[in-house]
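As the structure lists them, so they are numbered: ligands from 1, and atoms in each ligand from 1. Because only heavy atoms are used, hydrogens play no part in the values below, and waters and symmetry mates are left out as well, while side chains stay in.
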Amino acid sequence: MPYPTSTALRSPPAAPSREPYKLYGQTYPLDTHSNLPPTIISKLDRGLLTHPSHPLSILRQIIQDHFASATSIVHPNPVVSVFQNFDELGFPADHPGRAVTDSYYLNKDYMLRAHTSAHEVETYRSGLDHWLLSADVYRRDEIDASHYPVFHQMEGTHVWSESELDALPALNAKLAADLAGCPLVIEDTTQISPSNPYQPSHDPRHAAQITQHLKHSLNSLIFRLFGGVAQSGGEPLRVRWIEAFFPFTTPSYEVEVWWGGEWLELLGCGVVMQKTLDLAGQSHKSGWAFGLGLERIAMVLYNIPDIRLFWSTDARFLSQFKPGQITQFKPYSKYPPCHKDMSFWLPEATVAVEAGSEAGGAGEGVTKVEAGRRVFHENDYCEIVREVAGDLVETVTLIDDFTHPKSKRQSKCYRLNYRSMDRSLSNEEVNALQDQVQKRVVSEMGIEMR
Ligand code: DAH
């Protein structure tokens with residue numbers, strides 16, 4: 001993956017405040033990586049996962065009840081070392097998720113966790129074998145109804161010491177029998193192969209039992225979450241397993257559910273890389289892990305149309321949800337949107353990068369980077385929009401992309417759609433926001449309005 005190693009060539013991320021960051025009793029000196037804007041700092045400690053009638057907290061609790069014997073952890077402090085988030089888990093040095101355009105850095109050594117897997121090693125180190133760890137995670141991203149720079153993940157895992165592995169065939173037989181009684185169609189043509197192998201240090205019989213336990217456990221969770229609703233339509237629930245790649249598992253899978261006429265990706269999972277357990281001082285154990293995004297699941301289960309709603313403090317939102325239950329969200333009002341377009345020329349000799357790379361994921365989506373050239377990254381643009389407009393911006397969409405035939409200069413036009421979730425916005429208010437975005441992108445990204 002071609003990826004510039006010098007951050008100096010990139011468009012600067014959101015201008016950091018001059019003061020070192022002081023978070024959770026620690027001071028983090030600033031450097032060229034620092035890119036944590038005040039809007040993100042204001043999202044720390046909102047505690048959505050522990051609010052008893054918040055849909056994310058209710059969903060978390062339902063998953064915990066399903067894995068009744070797992071230890072439940074809600075991890076409070078999102079600051080992790082870059083080593084914990086990436087290196088310890090085997091992410092290569094040039095992984096796109098590491099870019100300052102994709103993750104939030106306090107400085108070159110510390111960041112806000114981009115996934116809950118960042119806590120795997122420390123949690124295994126504590127000696128726990130079966131746990132669910134939920135937390136807020138942070139990624140710089142595009143702006144639309146399903147992307148928000150803070151979201152919530154749950155990491156789940158079950159590992160066994162060598163002697164305990166002998167119990168797995170019986171456990172698997174019981175899980176398989178339970179699943180056989182459910183109206184569930186599992187589409188799984190995945191195979192162990194050179195592209196998705198067992199680990200050399202594992203006895204293949206053990207690895208096969210662990211993989212089976214992983215599959216049964218997650219199929220059963222998915223049926224618990226989605227089965228009730230699907231059954232009411234009379235059709236069995238369809239779940240699909242796909243081969244995947246994660247640096248910290250093999251074999252690895254992604255799991256999807258057939259929902260609303262399309263395949264919805266739910267989670268990533270696999271057999272824990274032995275190196276992870278070795279680092280945690282647990283070499284004698286092996287097992288599986290998964291990571292899922294709570295918002296993505298909650299949005300479809302509760303029918304919540306916009307990810308910003310999870311941050312609403314409006315009683316009309318929060319009063320709708322009851323612990324232990326998944327109910328359909330009833331929109332209380334939809335205020336009119338107001339869109340404004342912004343056309344600009346990129347600085348000369350700029351290469352554009354679209355948003356959409358995934359920290360922690362397979363890592364596609366970063367394209368067209370040429371060494372020695374300045375980079376316009378959509379995530380930097382969106383970050384400035386969020387800083388100015390906060391939750392008043394609903395979507396930012398590229399509607400035109402043009403290269404002048406003679407000068408070869410590139411221009412872009414973005415449509416910024418503004419809409420508040422709890423009041424009407426005046427045209428003047430929106431104009432003032434658009435004006436402020438314009439001023440900041442001109443001064444911070446070196447672009448020129450058309
Ligand atoms: N951390 C991954 C992500 O954010 C998800 C994941 C994949 C977690 C596989 C896991 C796993 O524990 O085994 O995309």
Side-chain angles (χ1 to χ4, degrees), residues 63 67 70-71 73 75 78 80 82 84-92 95-98 102-104 111-124 128-141 146-159 190 196-199 202 207 210-211 213-215 217-218 221-222 241-256 264-277 279-280 282 285-297 356-366:
I63 301 175
F67 288 107
T71 302
I73 302 163
H75 198 295
V80 296
V82 174
Q84 275 176 294
N85 196 83
F86 293 119
D87 303 82
E88 205 168 51
L89 294 166
F91 282 84
H95 190 275
R98 293 183 186 253
D102 287 39
S103 290
Y104 287 104
M111 61 187 293
L112 298 182
R113 61 187 159 219
H115 57 168
T116 42
S117 306
H119 296 294
E120 275 202 10
V121 174
E122 70 185 56
T123 313
Y124 289 132
L128 289 174
D129 290 338
H130 187 24
W131 46 268
L132 296 170
L133 183 148
S134 311
D136 39 342
V137 300
Y138 297 78
R139 293 185 197 177
R140 298 178 98 226
D141 222 322
S146 60
H147 288 90
Y148 202 75
V150 194
F151 58 103
H152 296 81
Q153 284 190 332
M154 178 187 272
E155 195 85 3
T157 170
H158 204 154
V159 299
T190 62
N196 204 24
Y198 290 141
Q199 295 168 43
H202 286 169
I210 292 169
T211 305
H213 193 268
L214 165 70
K215 289 184 173 180
S217 304
L218 291 180
L221 170 68
I222 293 166
W241 285 74
I242 296 172
E243 176 177 320
F245 174 81
F246 303 104
F248 45 97
T249 47
T250 187
S252 303
Y253 306 94
E254 267 161 15
V255 190
E256 300 178 336
L264 173 75
E265 189 189 317
L266 290 181
L267 56 87
C269 63
V271 176
V272 181
M273 206 62 104
Q274 205 55 42
K275 192 188 134 217
T276 310
L277 289 157
L279 278 169
Q282 311 289 323
K285 294 177 186 166
S286 50
W288 54 252
F290 70 83
L292 55 79
L294 288 165
E295 273 86 349
R296 174 176 288 211
I297 296 177
S357 72
E358 284 186 23
E364 305 100 34
V366 177

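Remark: Lys285 is not positioned above the aromatic ring of Tyr124, lacking an NZ or CZ atom under 6.0 angstrom from the ring centre and at most 45 degrees off the axis.
Interface atoms of ligand 1 facing Gly270, defined by a heavy-atom separation under 4.0 Å, are 13 (O). Of all atoms in ligand 1, numbered sequentially from 1 with element shown, those under 4.0 Å from a heavy atom of Phe246 are 7 (C), 9 (C). If you number the atoms of ligand 1 from 1 as listed, the ones under 4.0 Å from a heavy atom of Glu120 come out as 12 (O). Remark: ligand 1 atoms within the under-4.0 Å shell around heavy atoms of Thr249 are 13 (O). Below 4.0 Å from some heavy atom of Phe290 lie the following atoms of ligand 1, by number and element: 8 (C), 10 (C), 12 (O).
At a 4.0 Å heavy-atom cut-off, ligand 1 touches Arg139 through the side chain alone. With a 4.0 Å heavy-atom cut-off, ligand 1 is reached by the side chain of Phe248 but not by its N, CA, C or O. Proximity of Cys269 to ligand 1, defined as any heavy-atom pair under 4.0 Å, is confined to the backbone N, CA, C and O atoms.
Counting only heavy atoms from C-beta outward, the side chains of Thr71 and Thr123 never approach each other to under 4.5 Å. Within the 4.5 Å cutoff, side-chain heavy atoms of Pro78 are placed close to those of Leu112. Using a 4.5 Å heavy-atom threshold, the side chains of Ser252 and Asn196 count as touching.
Counting only non-hydrogen atoms, the option in Pro247, Ser252, Gly293, Gly268 that gets closest to atom 7 (C) of ligand 1 is Gly268.
Note: an N/O pair closer than 3.5 Å links Gln153 and ligand 1 by distance alone. An N or O contact shorter than 3.5 Å links Ala289 to ligand 1 by distance.
Across all their heavy atoms, Ser217 and Trp288 have their closest contact at OG-CZ2, 3.7 Å. For the residue pair Leu132 and Ala70, the shortest heavy atom distance occurs at CG-CB, 4.0 Å.
Ring-plane geometry between His95 and Phe91 is classed as perpendicular, the angle between the planes exceeding 60 degrees on a 0 to 90 degree scale with a lower cut at 30.
Taken to the nearest 0.5 Å, the CD atom of Glu254 stands 8.5 Å off from the CG atom of Leu267.
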